[in-house]
Amino acid sequence: GTASGQNCDGFPCQKSPQQVKVLGAGVVQVAANRDDGCSEVHTCARKADGTLWCWGSNEKGQLGDGTTKGQDCNGWPCKPSPQQVPALGTSVVEVSAGEGHTCARTGSQKLWCWGNNAGGQLGSGTVLPELSPVPVTALGASVVEVSAGYNHTCARKGDGTLWCWGSNGSGQLGDGTTKGQDCSGWCNALPVQVTALGTAVVEVSAGYNHTCARKQSGTVWCWGKNQLGQLGDGTTIDRPTPVQAHLTCQ
């Protein structure tokens, strides 16, 4: 409920856990993002009644309340108390917080995204920001998992296929390229299938500029930025196509 706290290197912070009292005891999932510049940091929580609540920075409309407004938090608009995402009602079954954008899956297996869209990460077919949830219509009503990364998003469908969209400058969409149809050629504003993984995907996680997925076989495959060896393939070479991570027992 505040944007104040102790002084931590010039920023207000709380050094002990603070309960989000507004949400009570009904929270069943939480999703938080990170941002180097602090202007896009936000958090969302899903309650057992299917409602979705978000708080923090609202500069990109990532709180989903139809605005980019809030109180002044070190020069950025923020809302330090949870705000319900009214457009989704009581239908939310999963939420993922990205870098200035948010995506949520509803009980009908439809996917909705909102907030920053400069890299096409909302999957709406445009690069225009959205202050309220818009459907990712290209995926239909078959989404069973979603993961929002920095400026890209991935979703797993019920048939085991994996689809990604947004920024592709490091190959994080997994389509074998570092290009796209939009954003002057470096992003895709509509989902593209990660065809190399076929229909065997059972879990996905989107990172900063890379993505990893687990297959039915128990193997892990990663692609995208690999500067710090985050793909687990034993190299530091960027990979626009999934490569298997070298997982061994120690």
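Small disclaimer: the values here were computed from a predicted structure and weren't measured.
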Exam field: side chain Ser91 to backbone Thr106, donor-acceptor pair closer than 3.5 Å: no
Residue that, paired with Lys60, satisfies side chain to side chain contact (heavy atoms under 4.5 Å, CB included) out of Glu99, Glu130, Glu40: Glu40
Please report the closest heavy-atom contact between Ser96 and Ala148, naming both atoms and the distance. OG-N, 2.8 Å
Run the salt bridge (Lys or Arg N to Asp or Glu O under 4.0 Å) test against Asp175 and tell me which residues pass, sequence neighbours left out. none
Is any side-chain heavy atom of Gln230 less than 4.5 Å from a side-chain heavy atom of Lys225? yes
Would you check if His101 and Cys103 make a side-chain contact, meaning some heavy-atom pair closer than 4.5 Å? yes
Quick one, Trp55 and Val20 - any side-chain contact, counting heavy atoms below 4.5 Å? yes
Smallest heavy-atom separation, Val136 atom then Pro191 atom, equals CG1-CG, 3.9 Å
Non-hydrogen side-chain atoms of Pro77 and Lys69 separated by less than 4.5 Å: no
Can the positive tip of Lys215 be found less than 6.0 Å from the middle of the six-membered ring of Trp221, inside 45° of the ring normal? yes
His42 side, atom NE2; Lys79 side, atom NZ - distance, nearest 0.5 Å: 13.5 Å
Do Ser167 and Gln121 have side chains that approach each other closer than 4.5 Å (heavy atoms only, starting at C-beta)? no
Taking Leu23's backbone N and O only, do any of them form a donor-acceptor pair with Lys47's side chain (distance below 3.5 Å, no angle check)? yes
Could you tell me the separation between the CG atom of Leu63 and the OG atom of Ser57, rounded to the nearest 0.5 Å? 7.0 Å
Rounded to the nearest 0.5 Å, what separation is found between the CZ atom of Arg105 and the CG atom of Leu139? 12.0 Å
Can you measure from CD (Gln29) to SG (Cys44) and round to the nearest 0.5 angstrom? 9.5 Å
So, does Asn117 use its side chain to make a donor-acceptor pair with the main chain of Thr126 at under 3.5 Å? yes
Step-by-step side-chain hydrogen bond (donor to acceptor under 3.5 Å, both in side chains) determination, Gln172 to Asn209: CA-CA 6 Å; Gln172 57 266 52; Asn209 283 318; 3.3 Å; yes
State, yes or no, whether a side-chain contact exists between Val243 and Trp223 at a heavy-atom distance under 4.5 Å. no
So does Gln62 get a backbone contact from the side chain of Thr102, meaning a donor-acceptor N/O pair under 3.5 Å? yes
Within the 4.5 Å heavy-atom criterion, are Asn116 and Pro129 side-chain neighbours or not? no
Treating Arg46 as the side-chain partner and Val93 as the backbone partner, does any N or O pair qualify as donor plus acceptor under 3.5 Å? yes
Taking every heavy atom of Thr178 against every heavy atom of Gly169, the minimum-distance pair comes out as CB-O, 3.7 Å
Can you list the other members of the hydrophobic cluster that holds Val95, where links are side-chain heavy atoms under 4.5 angstrom apart? Leu52, Val85, Leu88, Val92, Trp112, Trp114
Of the non-hydrogen atoms in Pro12 and Gly5, which two are nearest, and what is the gap between them? CB-N, 3.6 Å
Of all heavy-atom pairs between Gln109 and Val144, which one has the smallest distance, and what is that distance? NE2-CG1, 3.7 Å
Backbone N/O of Cys183 and side chain of Trp186: donor-acceptor pair under 3.5 Å: yes
Any chance you could measure Cys73, atom SG, to Phe11, atom CZ, to the nearest 0.5 Å? 12.5 Å
Looking at Lys157 and Ser142, what are the two nearest heavy atoms and their distance? CE-OG, 2.7 Å
Hey, does Asn188 have a side-chain heavy atom less than 4.5 Å from the side chain of Leu173? yes
Any chance you could measure Arg156, atom CZ, to Leu197, atom CG, to the nearest 0.5 Å? 12.0 Å
Side chain Asp238, main chain Pro240, donor-acceptor under 3.5 Å: no
Taking atom types as modelled and ignoring hydrogens, do the side chains of Asn58 and Thr67 form a donor-acceptor contact shorter than 3.5 angstrom? yes
Donor-acceptor pair, distance only, cut-off 3.5 Å: does the side chain of Asn226 make one with the backbone of Ile237? yes
Looking only at the side chains, is there a donor atom on one of His152 and Thr211 sitting less than 3.5 Å from an acceptor on the other? yes
Are any side-chain N or O atoms of Asn168 and backbone N or O atoms of Cys187, one a donor and one an acceptor, separated by less than 3.5 Å? no
